[in-house]
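Beneath this line is the structure, given in structure tokens, with notes to follow.
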Amino acid sequence: MKFELSKKEKDSFLALNDVLNHNIDCTVLINNYMEYGYTQITADDVERLMLTGLSSKDAFITLLQEFLELDSEKKADQFLIEKNHILDFRPYDRNDFINNPYTLKLNEIKEKATNGIKIAFNYFEPYEGFLLDYGHAEKEDGYIERDRYSYFEEKTPYLVLLQKNTVWMSITPFEIETMKEPLEQARGKVLTFGLGLGYFAYMAARKKEVTEVKVIEANRSVIDLYHSDIEPHLEEDVRKKIKIECKNAYAYLEKSKDYDMLFVDIYHNEIDGLKTYAILEKKAKKIKLPFKINYWIENAILTSLRRYVIDTLYCHMEGIEMEKDEYVIAVEEALEDMEFVSFSQIENLITDEGLKEFATRLNLNA
């Protein structure tokens, strides 16, 4: 890789890398709270602070800031608060969630275990914070990442699929919010890779503009559970639009030309999704797919790739040896024959469009 920037352009790149570090700090703190601290803020704690005159939202934010140990006088913490909006948790309307058409249909479902897979209900406790949606990092904003967070003010149930007592799939506000955009785009014959608990398929099939929803799902147990426990709760006219096949999604891609839309949701998170994204974008380019593939949490996938690219370029510039995983290796190999003699070349690469094209250069295997 050729990397030769002037001092001024190096400074611009270093400023970009500083933003990346702030973004990562924000993610680490939030992940720590989501994994270990989500039970630490209780309704009693919030009510106690409300006695001092604070609103419930301000009381929650005060307690969250204490848990995260953020000092608004420190410059680094100021960035997280003012730029990353790390404390911007907002209450989620419980009625909107429990009155969602899918949630309403399945609120009477019976808990059941089959072949090591259990369908059940978990609960959000009052003031248990959760990720609501990933933000869209923009070039004009220096690629500062701002995700959306929320909480319920009352105990709220949500449907889960458990495998060996570990949550495998769920329907929470996160799934609902992150599928809004692809559902808005659903028209005609819709193809989706991944069944999950059937949320996307059901919500798409409810639309008058949608004539068919074809689901490709590789896990026979998931399909069987859907047919036995979920499908019976759905309206007959909607059910009839949904057809499910137990097949490998990657092998089915070429047949997607027969559909008006493809939505992909066969991964658990953005890192997992980056591999799927790279493989499918490369295949789609090769077969000249006539439409853009819709990916679940695509913003987060591109953000993850942007982080890998910036970090790899920084380590190359500073002569730092990176810890290797399959993603770092793939990014390093894809950058190997590229050259960067101006900061604008880096800027062009890390735009969404630049990263989509770059993803097709990644050598990642399913």
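Nothing fancy with the numbering, it's 1 onward along the sequence.
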Do the charged groups of Glu245 and Lys214 touch, with an N to O distance under 4.0 Å? yes
Could you work out, with ring pair (Phe, Tyr, Trp, His ring centres under 6.0 Å) as the rule, every residue matching Phe3, not counting sequence neighbours? Phe13
Please list all pairs passing the salt bridge (charged side-chain N to carboxylate O under 4.0 Å, His left out) test where one or both residues lie in residues 258-278, with sequence neighbours left out. Lys275-Glu326
Tell me if a side-chain donor or acceptor on Asp147 pairs with a main-chain N or O of Gly135 at a distance below 3.5 Å. yes
Please collect all ring-ring contact (aromatic ring centres under 6.0 Å, His included) contacts where either partner lies in residues 208-263, sequence neighbours excluded, each pair once. Phe200-Phe263
List, by chain and then residue number, the residues other than Val341 in its hydrophobic cluster (Ile/Leu/Val/Met/Phe/Trp/Tyr, side-chain heavy atoms under 4.5 Å); write none if there are no others. none
Mind jotting down which residue pairs meet the ring-ring contact (aromatic ring centres under 6.0 Å, His included) criterion with at least one end in residues 345-366? Sequence neighbours excluded, please. none
Less than 6.0 angstrom separating the ring centers of Phe130 and Tyr149, yes or no? no
What pairs meet the ring-ring contact (aromatic ring centres under 6.0 Å, His included) rule with one or both residues in residues 313-343, with sequence neighbours excluded? Tyr308-Tyr327
Taking the side chain from Glu332 and the backbone from Ile329, do they hold a donor-acceptor pair closer than 3.5 Å? no
Decide if atom NZ of Lys257 counts as having more than 12 heavy atoms of other residues, nucleotides or ligands within a radius under 6.0 Å. yes
Would you say Thr178's side chain and Ile297's backbone share a donor-acceptor pair under 3.5 angstrom? no
Output every pair passing salt bridge (charged side-chain N to carboxylate O under 4.0 Å, His left out) with a member in residues 11-34, not counting sequence neighbours, ordered by first then second residue. Lys7-Asp11
Sequence neighbours excluded, every pair satisfying side chain to side chain donor-acceptor pair (under 3.5 Å) that has a member inside residues 95-109: Asn100-Tyr199
Show the nearest heavy-atom pair for residues Lys282 and Thr360, with the distance to one decimal. CE-O, 2.9 Å
Where at least one partner belongs to residues 56-80, residue pairs that pass ring-ring contact (aromatic ring centres under 6.0 Å, His included), sequence neighbours excluded: His22-Phe79, Tyr33-Phe67, Phe60-Phe89, Phe60-Tyr151
Look at the rings of Phe97 and Phe152 and say which category their plane angle falls in: under 30° parallel, 30 to 60° tilted, over 60° perpendicular. tilted
Return each pair, listed once, that meets salt bridge (charged side-chain N to carboxylate O under 4.0 Å, His left out) where at least one residue sits in residues 180-199; pairs must be two or more places apart or across chains. Glu177-Lys180
Lys139: partners by salt bridge (Lys or Arg N to Asp or Glu O under 4.0 Å), with sequence neighbours left out: none
Can you list every salt bridge (charged side-chain N to carboxylate O under 4.0 Å, His left out) pair that touches residues 66-84, not counting sequence neighbours? none
